[in-house]
Peer 1: 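Below is the structure I would like to discuss, written out as structure tokens.
The structure displayed is predicted, hence computed values, not measured ones. Every chain is numbered from 1 and lettered A, B, ... according to where its sequence line falls, protein lines coming before strand lines.
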Amino acid sequence: MPPDLDTNMRFKFSILALFLEVAVIVLYGIFVEYDRNSATALYPHFQDVHVMIFVGFGFLMTFLKKYGFSSVGFNMLIAAFGLQWGILMQGFWHMKGGKIHVSINSMINADFSTATALISFGALLGKTSPIQMLILTLLEITIFACNEHLVTEVLKATDIGASMTIHAFGAYFGLAAAFVLYRPGLTKKHENDESTYHSDMFAMIGTLFLWLFWPSFNSAIAEEQGTAIINTYFALAACTVTTFALSSLVDKRGKFSMVLIQNATLAGGVAVGTCADLAIHPFSAMFLGVLAGIVSVLGFQFLTPVMASKLRIQDTCGVHNLHGLPGILGGFAGIVVTAIKHETRDGHLLTPAMQAAALGSTLGIALVGGALTGAILKLPFLGQVSDQNCFDDSAYWEVPEEETMPEIHSSHHEHSRFEAAM
Amino acid sequence: MPPDLDTNMRFKFSILALFLEVAVIVLYGIFVEYDRNSATALYPHFQDVHVMIFVGFGFLMTFLKKYGFSSVGFNMLIAAFGLQWGILMQGFWHMKGGKIHVSINSMINADFSTATALISFGALLGKTSPIQMLILTLLEITIFACNEHLVTEVLKATDIGASMTIHAFGAYFGLAAAFVLYRPGLTKKHENDESTYHSDMFAMIGTLFLWLFWPSFNSAIAEEQGTAIINTYFALAACTVTTFALSSLVDKRGKFSMVLIQNATLAGGVAVGTCADLAIHPFSAMFLGVLAGIVSVLGFQFLTPVMASKLRIQDTCGVHNLHGLPGILGGFAGIVVTAIKHETRDGHLLTPAMQAAALGSTLGIALVGGALTGAILKLPFLGQVSDQNCFDDSAYWEVPEEETMPEIHSSHHEHSRFEAAM
Amino acid sequence: MPPDLDTNMRFKFSILALFLEVAVIVLYGIFVEYDRNSATALYPHFQDVHVMIFVGFGFLMTFLKKYGFSSVGFNMLIAAFGLQWGILMQGFWHMKGGKIHVSINSMINADFSTATALISFGALLGKTSPIQMLILTLLEITIFACNEHLVTEVLKATDIGASMTIHAFGAYFGLAAAFVLYRPGLTKKHENDESTYHSDMFAMIGTLFLWLFWPSFNSAIAEEQGTAIINTYFALAACTVTTFALSSLVDKRGKFSMVLIQNATLAGGVAVGTCADLAIHPFSAMFLGVLAGIVSVLGFQFLTPVMASKLRIQDTCGVHNLHGLPGILGGFAGIVVTAIKHETRDGHLLTPAMQAAALGSTLGIALVGGALTGAILKLPFLGQVSDQNCFDDSAYWEVPEEETMPEIHSSHHEHSRFEAAM
């Protein structure tokens, strides 16, 4: 049965995943130690970020009607592998005595690093195999760790909530990969590329946990935690009111759109990220939130369709509007704020030149890295689905019977713990 | 198309929302500063309360079969606007040097203030437009902040878990508004005023996050945090067992009712609120929980139908039984406890007279404020839905096709990120 | 109507539940006091555990297509009663001056104690009445508290994440009860013993909150909290990658199975529990996670069907594979680690002999206790459902109309707050 043949990844996937896991364990055996001075004061912050990564990102992507298992499941796979890899890639830049010392702080940074791969996954959602996603995760987190080192250690720029190094990076990496992996067969709307009432409800679980814990994301590794929390809280609230206003305004019948409420309400958290722990004043944070809401809604409404049709960039979740544009907005805000205010971090004066260099390097490295990664993912043996089977869990999952398309007979499964052994 | 005409709020809603957001930002620019002495010790408590407001209240109201987008979406809108407004309204009573100083503590209180509007939203659920809800939020939080000041600063009463000032206040405010907004056309049961299997499951997400984090709600601003946590924990546990027992007892076939399990299990957290941080002994907290469960189940079963048919008060979510009656019970418990025990807070002796005055003023102000607000919401240009379109997301949302009523052709929408620009 | 007659528990259930609640309150009045020296430092850990018990366990069991109300509802009932009972049963072993002193620490232990009953509930899911479950909870937590005292106070063994005393205990207690309650009528697959697309999505909410907060579970009462957090984090991540790999490998078309992703990904948290706060090195924790993933996947795939057909043990949720086998693996890891490393806890040297004795006593007591409890639950007046009505909410719940099987006419219910009083 041809629809199945191209997605049967029984040995390819399991051997790759087991090989990577064994390799990681060997590297941990050689390089990783407990950080003996580690405190647990940041543990509540870590847990909030942890919920964002697994529940927030995972459920946000469940809006597609037949791709919920993959959204929440592959999200879990990418993050579980990515955090192990992130500890190593980030740790190699900070070894002491040839060892990487892990602490709650490393775990926060490892969770952060997975966010880049999860954002890129959003651009590619429904069109890639789990084999491709493992390879993308491996490559993207490696490149992310290099760029993050460049931005924070070499350029000494600030990006405390990672508007640039995570959000813009993950978005443009994913968009570049999507460009390379362009599928002409999907220029006509795919019948599965839409939501249902309940899939939109599940997605709101993701939206809310991201929205609620974003102050923890932006403050987790900040010096001025209180300021970062307050700025993010107000930026998100202002962004949310703006998003509702614009969502109604751009619809000719004045109706709200779930895709906008699910996504653009979060743009304020992205845009305030770079400056989150600077004393920019609550009203400036709110103003950034309003701008982010406007940019994000207009992006979803007018830019994404043009990007798909004219630029050949198919961005399933609209990550350009949630992470890309608001991330750049955050980077610009950093340039403006450091130009106006005299701010230091770790004894270094923050300068608009270095902030601009950080933004530029991030975008450049993301675009080049994403395009190269996309080219690698095009290799023919990586289990990519046919256009027809895109956005459909049954390509890679046993799906309970009633949800299976009648024409794909091979994937029915009665999800029982009593089934006869195979 | 008449069903649409009355709900098209494209310009009304967006202009009102943007105007309010801009006004708030201007006020923040004039009045709001960071609190420089703010600590982040309460941040985990804040996050628990934050989850209750957005996930707890939001999902608790998703039980209606066609009103999930509005329940969780308008809940988010109300809370996001309300918290910004609450900072101002509560802050004006505590300005220093002409400035409101925001801290984690202010954010907790701002989130608290939104709970009043969300409780009232529960009484009105399915029958109001987002324009009406923004106006209600504006007015209710303003009046709430005045009553809270009266109760805690003038009367010096205790109400640490806000049984009176939030729960009873929000419930009777909403019920008074519902009375004024009475719809004779809904005396016969509306076909959409019921749940489905999955909508009841979504509502349980709300129930559980409210139930779990209620000890944080009652202890967030308490002096004796440990006592408030322990009392609330036991009150809720005892209330839950009682609710299951009574839910079976009041059904002639002995079957449990989801509406009771979703709501009455929470009444113990309301009822123990006023006295939560007083050393009333765990068994008294449990006894209060049992009483709250009994009152709440009997209210849902016998009082709500009578209120709808005889008193012309249509209480969609039954907030009278979850917040109203248990809130009064909590107020009475405060009177009894302060009569029996010699308790001081901030150097002031708590007296039953002042507790009774606090309860009376709260109920009076809520009823008058709610009735006046209801009268304002009756103004004809506020986008209220027709009786027929009540309890239906498609009045205000683009709803995925398969869920649309066949007779309303205007609201189908394929929730895609690739749609052509309009 | 026979289908109803055998499950009508209107008076039996409500009288039993109210009697138990009143008895508990009386016992609290006599024995329970606030712990005046209690700190709230562990409150964030407590809240994570609390979410695991009510949301994690509750939603994990919602995978069955018609048993969601019971899964999440009875889970709440069992836990709400069980935590009150657990405080007493654990407290009786540590009274001071004839009083049990409750604190955040007691609340964590009380929540832990309910996990044993919830795990056993997983083995019996769909086949027992709420009356039976209340009795099981009462008996199991009593026996658990005795075994826990034996393991930690008498044998002085370590089991910080309770691989043995909670996970293996709860699993084998439940399996022994399931053996005694064997239903020959269910050897053929029951039509309701399967999932739907959306029920599998709800179950993932449970999986993720268990997965995310497991580091809090294993570290909540640990001395070396940071070590326990780090070990659990890595064990779960490694287990997850392994589970995905094996899930594809054991399927002839290479497809992932939701039952494995929902459950086996968690086995690493169980297996690392006993040694979680020992400095076993991150790579050992990851290796334990890999082993746990392998054991759990193979258990689901090959052992559970054989246990049902040959050993007459019907394990609805496969708790043997998630809690039983990984719990034993955790116990063995404890023996090995204490044999290799010189570790002390509270001034006592940990020895492999005592660890082995702890594992043996736990398994023995669980099997005997579970079998005796199963025999008691067989008493004919406890409201057990017929085989035909197994795995169906409508036996004990009012279920919204559209989800009701057409042949069971008695259980339709329009879930409205306006219904006429009965």
Peer 1: Kindly give the heavy-atom pair with the smallest separation between A/Met204 and B/Val72, and that separation in Å.
Peer 2: CG-CG1, 4.0 Å
Peer 1: Given heavy-atom pairs under 4.5 angstrom as the criterion, report whether the side chain, backbone, both or neither of A/Ala279 touches chain B.
Peer 2: both
Peer 1: Please classify the contact of A/Pro282 with chain B as side chain, backbone, both or neither, using a heavy-atom distance under 4.5 Å.
Peer 2: both
Peer 1: Quick one: what part of B/Ser106 sits under 4.5 Å from any heavy atom of chain A, side chain, backbone, both or neither?
Peer 2: neither
Peer 1: Check each of A/Trp211, A/Phe213, A/Phe209, A/Trp214 against B/His50 using the ring pair (Phe, Tyr, Trp, His ring centres under 6.0 Å) test, and report the only one that passes.
Peer 2: A/Trp211
Peer 1: Considering all heavy atoms of both residues, which atom of A/Val241 and which atom of B/Ala17 are nearest to each other, and what is their separation?
Peer 2: CG1-O, 3.8 Å
Peer 1: Start with the C-alpha gap between B/Val399 and A/Tyr197, add the side-chain angles, then the distance that decides, and say whether side chain to side chain contact (heavy atoms under 4.5 Å, CB included) holds.
Peer 2: CA-CA 7 Å; B/Val399 175; A/Tyr197 195 71; 4.0 Å; yes
Peer 1: Donor-acceptor pair, distance only, cut-off 3.5 Å: does the side chain of B/Arg10 make one with the backbone of A/Asp251?
Peer 2: yes
Peer 1: For A/Thr207, is it the side chain, the backbone, both or neither that has a heavy atom under 4.5 Å from a heavy atom of chain B?
Peer 2: side chain
Peer 1: Does some side-chain heavy atom of A/Ile261 sit less than 4.5 Å from a side-chain heavy atom of B/Trp397?
Peer 2: yes
Peer 1: What verdict does the side chain to side chain contact (heavy atoms under 4.5 Å, CB included) test give for B/Arg36 and A/Thr227, after you've listed the backbone C-alpha separation in whole Å, the side-chain angles of each residue and the deciding distance to 0.1 Å?
Peer 2: CA-CA 9 Å; B/Arg36 284 286 153 209; A/Thr227 304; 4.3 Å; yes
Peer 1: Decide if the gap between the ring center of B/Phe46 and the ring center of A/Tyr233 is smaller than 6.0 angstrom.
Peer 2: yes
Peer 1: Measure distances from B/Leu134 to the heavy atoms of chain A and classify the residue's part below 4.5 Å as side chain, backbone, both or neither.
Peer 2: neither
Peer 1: Checking heavy atoms, do the side chain of B/Phe202, its backbone, both or neither come under 4.5 Å from chain A?
Peer 2: side chain
Peer 1: Using 0.5 Å steps for rounding, measure from the OG1 atom of A/Thr265 to the CE atom of B/Met76.
Peer 2: 3.5 Å
Peer 1: What part of A/His190 gets within 4.5 angstrom of chain B, counting heavy atoms only: side chain, backbone, both, or neither?
Peer 2: neither
Peer 1: Report the option among A/His45, A/Gln47, A/Met307 that has the most heavy-atom pairs separated by less than 4.5 Å from atoms of chain B.
Peer 2: A/His45
Peer 1: Against B/Glu398, only a single residue in A/Lys252, A/Lys255, A/Arg253 fulfils salt bridge (charged side-chain N to carboxylate O under 4.0 Å, His left out); can you say which?
Peer 2: A/Arg253
Peer 1: Which atoms of A/Asn321 come close to chain B, meaning under 4.5 Å heavy atom to heavy atom: side chain ones, backbone ones, both, or neither?
Peer 2: neither
Peer 1: Atom CD1 of A/Ile294 and atom CG of B/Leu18: how far apart are they, to the nearest 0.5 Å?
Peer 2: 7.0 Å
Peer 1: Name the region of A/Ile280, side chain, backbone, both or neither, that has any atom closer than 4.5 Å to a heavy atom of chain B.
Peer 2: both
Peer 1: Ring centres under 6.0 Å, that's the criterion: do B/Phe13 and A/Phe256 meet it?
Peer 2: yes
Peer 1: Does the pair B/Leu77 and A/Thr240 meet the rule for a side chain to side chain contact (heavy atoms under 4.5 Å, CB included), with working shown?
Peer 2: CA-CA 7 Å; B/Leu77 171 66; A/Thr240 299; 5.5 Å; no
Peer 1: Relative to chain B, which segment of A/Leu303 carries a heavy atom at a distance below 4.5 Å: side chain, backbone, both, or neither?
Peer 2: neither
Peer 1: Within a strict 4.5 Å, meaning less than it, do heavy atoms of the B/Ile30 and A/Phe283 side chains meet?
Peer 2: no
Peer 1: Looking only at non-hydrogen atoms, find the nearest pair between B/Gly68 and A/Met201 and report the distance.
Peer 2: C-SD, 3.6 Å
Peer 1: Less than 3.5 Å apart, any donor N or O on the side chain of B/Tyr43 or A/Ser216 sitting next to an acceptor on the other?
Peer 2: yes
Peer 1: What residue in A/Thr242, A/Thr187, A/Asn231 has the most heavy-atom pairs under 4.5 Å with chain B?
Peer 2: A/Asn231
Peer 1: Quick one: what part of B/Asn75 sits under 4.5 Å from any heavy atom of chain A, side chain, backbone, both or neither?
Peer 2: neither
Peer 1: Counting heavy-atom pairs under 4.5 Å with chain A, which one of B/Thr40, B/Asp35, B/Leu27, B/Leu16 comes out on top?
Peer 2: B/Thr40
Peer 1: Locate the shortest heavy-atom distance separating A/Thr196 from B/Pro400; write the atom from each residue and the value.
Peer 2: C-CG, 3.7 Å
Peer 1: Measure across A/Met286 and B/Gln84 and return the closest heavy-atom pair with its distance rounded to 0.1 Å.
Peer 2: CE-OE1, 3.0 Å
Peer 1: Under a 4.5 Å cutoff for heavy-atom pairs, which residue among B/Phe81, B/Tyr34, B/Tyr28, B/Phe54 has the most contacts with chain A?
Peer 2: B/Tyr34
Peer 1: Ignoring hydrogens, what is the shortest heavy-atom contact between A/Pro44 and B/Pro44? Give both atom names and the distance.
Peer 2: CB-CG, 4.2 Å
